[in-house]
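Just so you know, these numbers use all the heavy atoms, side chains as well, and skip hydrogens, waters and symmetry mates. Throughout, protein chains are lettered first and strands after them, A, B, ... in sequence-line order, and every chain is numbered starting at 1.
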There are 2 protein chains.
Amino acid sequence: MFMSISSRFSVGIHILSLLEFNKDGVSSSEYLAGSVNTNPALIRKILGMLKKAGLIEVRPGIAGSKLARSLSDITLLDVYKAVDVVQDNELFSVHDNPNPKCIVGKNIQDTITPILSTAQIALEKVLGNVTIEDVVKDIEEKEERHS
Amino acid sequence: MFMSISSRFSVGIHILSLLEFNKDGVSSSEYLAGSVNTNPALIRKILGMLKKAGLIEVRPGIAGSKLARSLSDITLLDVYKAVDVVQDNELFSVHDNPNPKCIVGKNIQDTITPILSTAQIALEKVLGNVTIEDVVKDIEEKEERHS
DNA sequence: ATTACATGTAATCAATATAGTTACAAGTGT
DNA sequence: ACACTTGTAACTATATTGATTACATGTAAT
(Lines give C-alpha, C1' and ligand atoms only; values in the text may rest on other atoms or scores of the structure.)
Protein backbone atom coordinates (compact mmCIF):
# COMPACT_ATOMS: atom_id res chain seq x y z
CA MET A 1 0.00 0.00 0.00
CA PHE A 2 2.88 2.37 0.69
CA MET A 3 6.63 2.51 0.69
CA SER A 4 8.34 2.15 4.05
CA ILE A 5 11.86 2.79 5.24
CA SER A 6 14.27 0.25 3.80
CA SER A 7 15.01 -2.91 5.74
CA ARG A 8 18.69 -2.09 5.29
CA PHE A 9 18.23 -0.47 8.67
CA SER A 10 16.95 -3.57 10.45
CA VAL A 11 19.52 -5.69 8.65
CA GLY A 12 22.23 -3.32 9.84
CA ILE A 13 21.06 -3.75 13.43
CA HIS A 14 20.97 -7.51 12.91
CA ILE A 15 24.52 -7.56 11.59
CA LEU A 16 25.98 -5.49 14.41
CA SER A 17 24.22 -7.59 17.02
CA LEU A 18 25.45 -10.78 15.46
CA LEU A 19 29.02 -9.48 15.31
CA GLU A 20 28.80 -9.22 19.09
CA PHE A 21 27.31 -12.65 19.63
CA ASN A 22 29.90 -14.16 17.32
CA LYS A 23 32.79 -11.97 18.42
CA ASP A 24 35.02 -14.98 19.07
CA GLY A 25 34.30 -16.46 15.65
CA VAL A 26 34.68 -15.33 12.06
CA SER A 27 31.70 -13.37 10.74
CA SER A 28 32.07 -13.57 7.00
CA SER A 29 29.44 -12.06 4.73
CA GLU A 30 28.26 -15.58 3.99
CA TYR A 31 27.87 -16.34 7.68
CA LEU A 32 25.97 -13.12 8.30
CA ALA A 33 23.80 -13.72 5.24
CA GLY A 34 22.86 -17.10 6.63
CA SER A 35 21.45 -15.51 9.76
CA VAL A 36 19.75 -12.60 8.03
CA ASN A 37 18.59 -14.99 5.36
CA THR A 38 19.60 -13.07 2.30
CA ASN A 39 22.40 -12.79 -0.20
CA PRO A 40 26.05 -12.31 0.83
CA ALA A 41 26.47 -9.55 -1.74
CA LEU A 42 23.68 -7.58 -0.14
CA ILE A 43 25.31 -8.05 3.24
CA ARG A 44 28.62 -6.84 1.87
CA LYS A 45 26.95 -3.74 0.54
CA ILE A 46 25.57 -2.95 3.97
CA LEU A 47 28.88 -3.86 5.60
CA GLY A 48 30.50 -1.29 3.35
CA MET A 49 28.12 1.36 4.62
CA LEU A 50 28.69 0.41 8.24
CA LYS A 51 32.43 0.49 7.64
CA LYS A 52 32.26 3.89 5.99
CA ALA A 53 30.43 5.17 9.06
CA GLY A 54 33.16 3.81 11.31
CA LEU A 55 30.95 1.25 13.02
CA ILE A 56 32.83 -1.86 11.95
CA GLU A 57 36.21 -2.98 10.72
CA VAL A 58 36.37 -5.09 7.62
CA ARG A 59 39.13 -5.49 5.06
CA PRO A 60 39.23 -6.79 1.51
CA GLY A 61 40.36 -10.36 1.27
CA ILE A 62 40.26 -10.94 5.01
CA ALA A 63 37.32 -12.97 6.18
CA GLY A 64 35.08 -11.47 8.83
CA SER A 65 34.00 -8.15 10.27
CA LYS A 66 34.45 -6.77 13.77
CA LEU A 67 32.76 -4.01 15.70
CA ALA A 68 34.88 -0.87 15.67
CA ARG A 69 33.31 0.61 18.79
CA SER A 70 31.97 -0.62 22.07
CA LEU A 71 28.37 -1.82 22.03
CA SER A 72 27.20 1.02 24.23
CA ASP A 73 28.73 3.55 21.89
CA ILE A 74 26.66 2.58 18.86
CA THR A 75 23.09 3.88 18.76
CA LEU A 76 20.38 2.84 16.37
CA LEU A 77 20.57 6.38 15.03
CA ASP A 78 24.18 5.74 14.07
CA VAL A 79 23.07 2.66 12.14
CA TYR A 80 20.13 4.49 10.59
CA LYS A 81 22.42 7.24 9.33
CA ALA A 82 25.05 4.76 8.22
CA VAL A 83 22.79 2.74 5.98
CA ASP A 84 21.39 5.88 4.44
CA VAL A 85 17.71 5.01 4.53
CA VAL A 86 16.50 8.57 5.02
CA GLN A 87 18.11 11.91 4.27
CA ASP A 88 18.05 14.84 6.67
CA ASN A 89 14.82 16.74 6.42
CA GLU A 90 13.56 14.48 3.65
CA LEU A 91 11.54 11.77 5.35
CA PHE A 92 8.44 13.52 4.09
CA SER A 93 8.26 14.57 0.49
CA VAL A 94 6.54 17.86 -0.18
CA HIS A 95 4.83 18.53 -3.50
CA ASP A 96 6.90 20.96 -5.54
CA ASN A 97 5.91 23.92 -7.68
CA PRO A 98 2.73 24.93 -5.88
CA ASN A 99 1.13 27.97 -7.49
CA PRO A 100 2.89 31.12 -6.23
CA LYS A 101 -0.11 33.24 -7.22
CA CYS A 102 -2.11 31.58 -4.46
CA ILE A 103 -1.45 32.55 -0.86
CA VAL A 104 -1.41 28.90 0.15
CA GLY A 105 0.71 27.81 -2.78
CA LYS A 106 3.20 30.55 -2.11
CA ASN A 107 3.73 29.76 1.56
CA ILE A 108 2.83 26.13 2.16
CA GLN A 109 6.32 24.76 1.72
CA ASP A 110 7.96 27.18 4.13
CA THR A 111 5.18 26.57 6.62
CA ILE A 112 5.13 22.81 6.74
CA THR A 113 8.78 21.98 6.11
CA PRO A 114 9.89 22.89 9.67
CA ILE A 115 6.96 20.98 11.14
CA LEU A 116 7.78 17.85 9.19
CA SER A 117 11.42 18.26 10.09
CA THR A 118 10.51 18.44 13.77
CA ALA A 119 8.55 15.21 13.44
CA GLN A 120 11.45 13.50 11.73
CA ILE A 121 13.84 14.67 14.42
CA ALA A 122 11.51 13.33 17.13
CA LEU A 123 11.67 9.95 15.47
CA GLU A 124 15.44 10.07 15.19
CA LYS A 125 15.78 11.10 18.81
CA VAL A 126 14.15 7.84 19.88
CA LEU A 127 16.63 5.91 17.77
CA GLY A 128 19.48 7.89 19.31
CA ASN A 129 18.47 6.73 22.77
CA VAL A 130 18.77 3.04 22.02
CA THR A 131 22.14 1.36 21.69
CA ILE A 132 23.20 -1.92 20.14
CA GLU A 133 24.03 -2.95 23.70
CA ASP A 134 20.35 -2.54 24.57
CA VAL A 135 19.40 -4.65 21.58
CA VAL A 136 21.91 -7.37 22.42
CA LYS A 137 20.72 -7.51 26.03
CA ASP A 138 17.11 -7.74 24.96
CA ILE A 139 17.92 -10.59 22.59
CA GLU A 140 19.70 -12.40 25.42
CA GLU A 141 16.74 -11.91 27.74
CA LYS A 142 14.28 -13.18 25.18
CA GLU A 143 16.49 -16.17 24.51
CA GLU A 144 16.67 -17.09 28.21
CA ARG A 145 12.94 -16.81 28.53
CA HIS A 146 12.47 -19.23 25.65
CA SER A 147 14.77 -21.89 27.03
CA MET B 1 18.40 8.14 -3.14
CA PHE B 2 15.55 6.75 -1.08
CA MET B 3 11.80 6.63 -1.00
CA SER B 4 10.13 9.15 1.28
CA ILE B 5 6.62 9.48 2.61
CA SER B 6 4.19 10.34 -0.17
CA SER B 7 3.45 13.96 -0.92
CA ARG B 8 -0.23 13.06 -0.65
CA PHE B 9 0.27 14.18 2.91
CA SER B 10 1.54 17.66 2.09
CA VAL B 11 -1.05 17.97 -0.66
CA GLY B 12 -3.75 17.06 1.85
CA ILE B 13 -2.57 19.82 4.17
CA HIS B 14 -2.49 22.21 1.23
CA ILE B 15 -6.05 21.35 0.26
CA LEU B 16 -7.48 21.75 3.75
CA SER B 17 -5.71 25.07 4.22
CA LEU B 18 -6.96 26.33 0.91
CA LEU B 19 -10.52 25.28 1.71
CA GLU B 20 -10.27 27.67 4.64
CA PHE B 21 -8.81 30.56 2.68
CA ASN B 22 -11.41 30.07 -0.01
CA LYS B 23 -14.29 29.22 2.30
CA ASP B 24 -16.52 31.86 0.74
CA GLY B 25 -15.85 30.60 -2.78
CA VAL B 26 -16.26 27.32 -4.62
CA SER B 27 -13.28 25.00 -4.26
CA SER B 28 -13.68 22.59 -7.14
CA SER B 29 -11.06 19.94 -7.79
CA GLU B 30 -9.90 22.02 -10.74
CA TYR B 31 -9.47 25.08 -8.56
CA LEU B 32 -7.54 23.13 -5.94
CA ALA B 33 -5.42 21.49 -8.61
CA GLY B 34 -4.49 24.94 -9.90
CA SER B 35 -3.05 25.89 -6.54
CA VAL B 36 -1.34 22.59 -5.83
CA ASN B 37 -0.19 22.52 -9.43
CA THR B 38 -1.23 19.03 -10.34
CA ASN B 39 -4.04 17.13 -11.95
CA PRO B 40 -7.70 17.47 -10.85
CA ALA B 41 -8.10 13.70 -10.85
CA LEU B 42 -5.28 13.35 -8.37
CA ILE B 43 -6.88 16.01 -6.19
CA ARG B 44 -10.20 14.18 -6.33
CA LYS B 45 -8.51 11.00 -5.23
CA ILE B 46 -7.12 12.76 -2.18
CA LEU B 47 -10.43 14.54 -1.57
CA GLY B 48 -12.03 11.13 -1.45
CA MET B 49 -9.64 10.06 1.28
CA LEU B 50 -10.19 13.23 3.29
CA LYS B 51 -13.93 12.74 2.92
CA LYS B 52 -13.75 9.14 4.05
CA ALA B 53 -11.89 10.31 7.15
CA GLY B 54 -14.62 12.83 7.88
CA LEU B 55 -12.43 15.87 7.38
CA ILE B 56 -14.33 17.41 4.49
CA GLU B 57 -17.72 17.38 2.85
CA VAL B 58 -17.92 16.81 -0.85
CA ARG B 59 -20.71 15.34 -2.96
CA PRO B 60 -20.85 13.89 -6.43
CA GLY B 61 -22.02 16.36 -9.02
CA ILE B 62 -21.89 19.33 -6.68
CA ALA B 63 -18.93 21.61 -7.25
CA GLY B 64 -16.67 22.32 -4.32
CA SER B 65 -15.54 20.86 -1.03
CA LYS B 66 -15.96 22.25 2.47
CA LEU B 67 -14.23 21.55 5.75
CA ALA B 68 -16.34 19.23 7.89
CA ARG B 69 -14.76 20.28 11.19
CA SER B 70 -13.39 23.42 12.72
CA LEU B 71 -9.80 24.28 11.84
CA SER B 72 -8.62 23.71 15.37
CA ASP B 73 -10.14 20.26 15.40
CA ILE B 74 -8.09 18.89 12.52
CA THR B 75 -4.52 17.89 13.31
CA LEU B 76 -1.82 17.02 10.82
CA LEU B 77 -2.01 13.52 12.27
CA ASP B 78 -5.63 13.33 11.14
CA VAL B 79 -4.54 14.25 7.64
CA TYR B 80 -1.59 11.86 7.74
CA LYS B 81 -3.89 9.00 8.70
CA ALA B 82 -6.54 10.05 6.21
CA VAL B 83 -4.28 10.00 3.18
CA ASP B 84 -2.88 6.66 4.20
CA VAL B 85 0.78 7.36 3.65
CA VAL B 86 2.00 5.08 6.44
CA GLN B 87 0.42 2.12 8.17
CA ASP B 88 0.47 1.63 11.92
CA ASN B 89 3.71 0.07 13.03
CA GLU B 90 4.96 -0.16 9.46
CA LEU B 91 6.96 2.97 8.85
CA PHE B 92 10.06 0.84 9.12
CA SER B 93 10.22 -2.37 7.21
CA VAL B 94 11.93 -5.25 8.95
CA HIS B 95 13.60 -8.02 6.98
CA ASP B 96 11.52 -11.17 7.17
CA ASN B 97 12.48 -14.79 7.62
CA PRO B 98 15.68 -14.33 9.61
CA ASN B 99 17.28 -17.65 10.50
CA PRO B 100 15.54 -19.09 13.59
CA LYS B 101 18.52 -21.32 14.28
CA CYS B 102 20.54 -18.23 15.16
CA ILE B 103 19.94 -16.47 18.46
CA VAL B 104 19.89 -13.12 16.70
CA GLY B 105 17.75 -14.32 13.82
CA LYS B 106 15.26 -15.86 16.20
CA ASN B 107 14.77 -12.77 18.35
CA ILE B 108 15.67 -9.72 16.30
CA GLN B 109 12.16 -9.00 15.05
CA ASP B 110 10.56 -9.13 18.48
CA THR B 111 13.35 -6.98 19.87
CA ILE B 112 13.38 -4.15 17.38
CA THR B 113 9.73 -3.96 16.37
CA PRO B 114 8.65 -2.19 19.59
CA ILE B 115 11.59 0.20 19.35
CA LEU B 116 10.76 1.16 15.79
CA SER B 117 7.13 1.48 16.74
CA THR B 118 8.06 3.86 19.55
CA ALA B 119 10.01 5.98 17.09
CA GLN B 120 7.10 6.07 14.68
CA ILE B 121 4.72 7.07 17.47
CA ALA B 122 7.06 9.88 18.50
CA LEU B 123 6.88 11.22 14.97
CA GLU B 124 3.12 10.94 14.88
CA LYS B 125 2.81 12.67 18.24
CA VAL B 126 4.42 15.77 16.77
CA LEU B 127 1.94 15.73 13.92
CA GLY B 128 -0.90 15.34 16.41
CA ASN B 129 0.13 18.53 18.15
CA VAL B 130 -0.18 20.73 15.08
CA THR B 131 -3.57 21.73 13.71
CA ILE B 132 -4.66 23.07 10.36
CA GLU B 133 -5.45 26.25 12.24
CA ASP B 134 -1.76 26.55 13.14
CA VAL B 135 -0.84 26.03 9.51
CA VAL B 136 -3.35 28.60 8.29
CA LYS B 137 -2.16 31.17 10.81
CA ASP B 138 1.44 30.60 9.85
CA ILE B 139 0.62 31.07 6.19
CA GLU B 140 -1.15 34.33 7.03
CA GLU B 141 1.82 35.54 9.03
CA LYS B 142 4.26 34.72 6.29
CA GLU B 143 2.06 36.46 3.77
CA GLU B 144 1.89 39.65 5.84
CA ARG B 145 5.62 39.67 6.24
CA HIS B 146 6.09 39.46 2.49
CA SER B 147 3.79 42.37 1.71
C1' DA C 1 53.60 -18.05 -7.99
C1' DT C 2 49.64 -20.61 -7.77
C1' DT C 3 45.63 -21.75 -5.39
C1' DA C 4 41.70 -20.94 -2.51
C1' DC C 5 38.76 -17.90 -0.63
C1' DA C 6 36.86 -13.32 0.91
C1' DT C 7 35.63 -8.62 0.10
C1' DG C 8 34.19 -4.75 -3.03
C1' DT C 9 31.23 -3.33 -6.50
C1' DA C 10 28.85 -2.91 -10.83
C1' DA C 11 25.04 -4.56 -13.53
C1' DT C 12 20.77 -6.66 -13.98
C1' DC C 13 15.95 -8.03 -12.79
C1' DA C 14 11.22 -8.56 -10.78
C1' DA C 15 8.11 -6.47 -7.90
C1' DT C 16 6.02 -2.42 -6.27
C1' DA C 17 4.93 2.64 -5.06
C1' DT C 18 4.53 7.30 -6.81
C1' DA C 19 2.75 10.94 -9.45
C1' DG C 20 0.68 12.13 -13.47
C1' DT C 21 -2.71 11.48 -17.02
C1' DT C 22 -6.75 9.97 -19.76
C1' DA C 23 -11.22 8.40 -20.01
C1' DC C 24 -15.63 7.80 -18.65
C1' DA C 25 -19.51 6.58 -15.59
C1' DA C 26 -22.57 8.69 -12.35
C1' DG C 27 -24.62 12.60 -9.93
C1' DT C 28 -26.60 17.49 -9.88
C1' DG C 29 -28.90 21.70 -11.31
C1' DT C 30 -30.57 24.83 -14.88
C1' DA D 1 -31.41 17.60 -22.70
C1' DC D 2 -27.34 20.01 -21.42
C1' DA D 3 -23.34 21.55 -19.02
C1' DC D 4 -20.58 20.70 -15.36
C1' DT D 5 -18.65 18.16 -11.45
C1' DT D 6 -17.32 14.30 -8.69
C1' DG D 7 -15.86 9.41 -8.42
C1' DT D 8 -12.94 5.84 -10.27
C1' DA D 9 -10.61 2.74 -13.00
C1' DA D 10 -6.88 2.08 -16.04
C1' DC D 11 -2.57 3.15 -17.85
C1' DT D 12 2.17 5.26 -18.10
C1' DA D 13 6.79 6.78 -16.81
C1' DT D 14 9.88 6.97 -13.19
C1' DA D 15 12.20 5.33 -9.16
C1' DT D 16 13.34 2.35 -5.14
C1' DT D 17 13.73 -2.02 -3.07
C1' DG D 18 15.66 -6.45 -2.47
C1' DA D 19 17.72 -10.22 -4.71
C1' DT D 20 21.00 -12.06 -7.73
C1' DT D 21 24.93 -12.76 -10.86
C1' DA D 22 29.41 -11.76 -12.16
C1' DC D 23 33.84 -10.44 -11.64
C1' DA D 24 37.77 -7.56 -10.23
C1' DT D 25 40.63 -6.92 -6.23
C1' DG D 26 42.89 -8.28 -2.03
C1' DT D 27 44.96 -11.79 1.36
C1' DA D 28 47.08 -15.89 3.06
C1' DA D 29 48.82 -20.50 2.76
C1' DT D 30 51.23 -23.91 0.34
Query raised in the report: With a non-hydrogen cut-off below 4.0 angstrom, is A:A41 in contact with a base, only sugar-phosphate, or nothing?
Result: base

Report task. Look at all strands and tell whether B:K51 reaches a base, only sugar-phosphate, or nothing, counting heavy atoms closer than 4.0 Å. Result -> sugar-phosphate

Query - B:D88 side, atom CG; B:E124 side, atom CD - distance, nearest 0.5 Å - result: 6.5 Å

Query raised in the report: How many angstroms lie between OG in A:S4 and CD in B:Q120, if you round to the nearest 0.5 Å?
Result: 9.5 Å

**Report entry** Among C:dA6, D:dT17, C:dT28, the nucleotide that comes nearest once only the side chain of B:I62 is considered
**Finding:** C:dT28

Query raised in the report: Of the nucleotides D:dA19, C:dT7, C:dT18, which has the atom closest to the A:L42 side chain?
Result: D:dA19

Requested in this report: Using heavy atoms to find the nearest nucleotide of DNA chain D for B:S93 and B:V58 separately, return the residue whose nucleotide is more 5′.
Outcome: B:V58

**Report entry** 5'-most by nearest nucleotide on DNA chain D - A:K45 or A:P60
**Finding:** A:K45

How many whole angstroms separate atom [atom1] of [X] from atom [atom2] of [N]?
| X | N | atom1 | atom2 | result |
| --- | --- | --- | --- | --- |
| B:M49 | D:dG7 | CE | P | 13 Å |
| B:R44 | C:dA25 | CZ | P | 15 Å |
| A:N39 | C:dA6 | CG | P | 15 Å |
| A:I43 | D:dA19 | CD1 | P | 9 Å |
| A:Y31 | C:dT7 | OH | C1' | 18 Å |
| B:E30 | D:dA3 | CD | P | 17 Å |

Query raised in the report: So A:L127 and B:L116, side chain to side chain contact (heavy atoms under 4.5 Å, CB included) or not? Walk me through it.
Result: CA-CA 8 Å; A:L127 301 181; B:L116 301 180; 4.3 Å; yes

**Report entry** Minimum side-chain heavy-atom gap B:K142-A:K106 below 4.5 Å
**Finding:** no

Report task. Indicate whether the side chain of A:D73 and that of A:S70 have a donor and an acceptor atom separated by less than 3.5 Å. Result -> no

Look at the side-chain N and O atoms of [X] and state whether any lies under 4.0 Å from the OP1 or OP2 oxygen of [N].
| X | N | answer |
| --- | --- | --- |
| A:S6 | D:dG18 | yes |
| A:S29 | C:dA6 | no |
| A:S28 | C:dT7 | no |

Query raised in the report: Is any NZ, NE, NH1 or NH2 atom of the basic residue among A:D84 and A:R8 found under 4.0 Å from an Asp or Glu carboxylate oxygen of the other?
Result: no

Query raised in the report: Is the backbone N or O of B:K23 less than 3.5 Å from a side-chain atom of B:K66, with the two atoms forming a donor-acceptor pair by type?
Result: yes

**Report entry** Residues within residues 95-119 of chain A bordering DNA chain D, heavy-atom distance below 4.0 Å
**Finding:** none

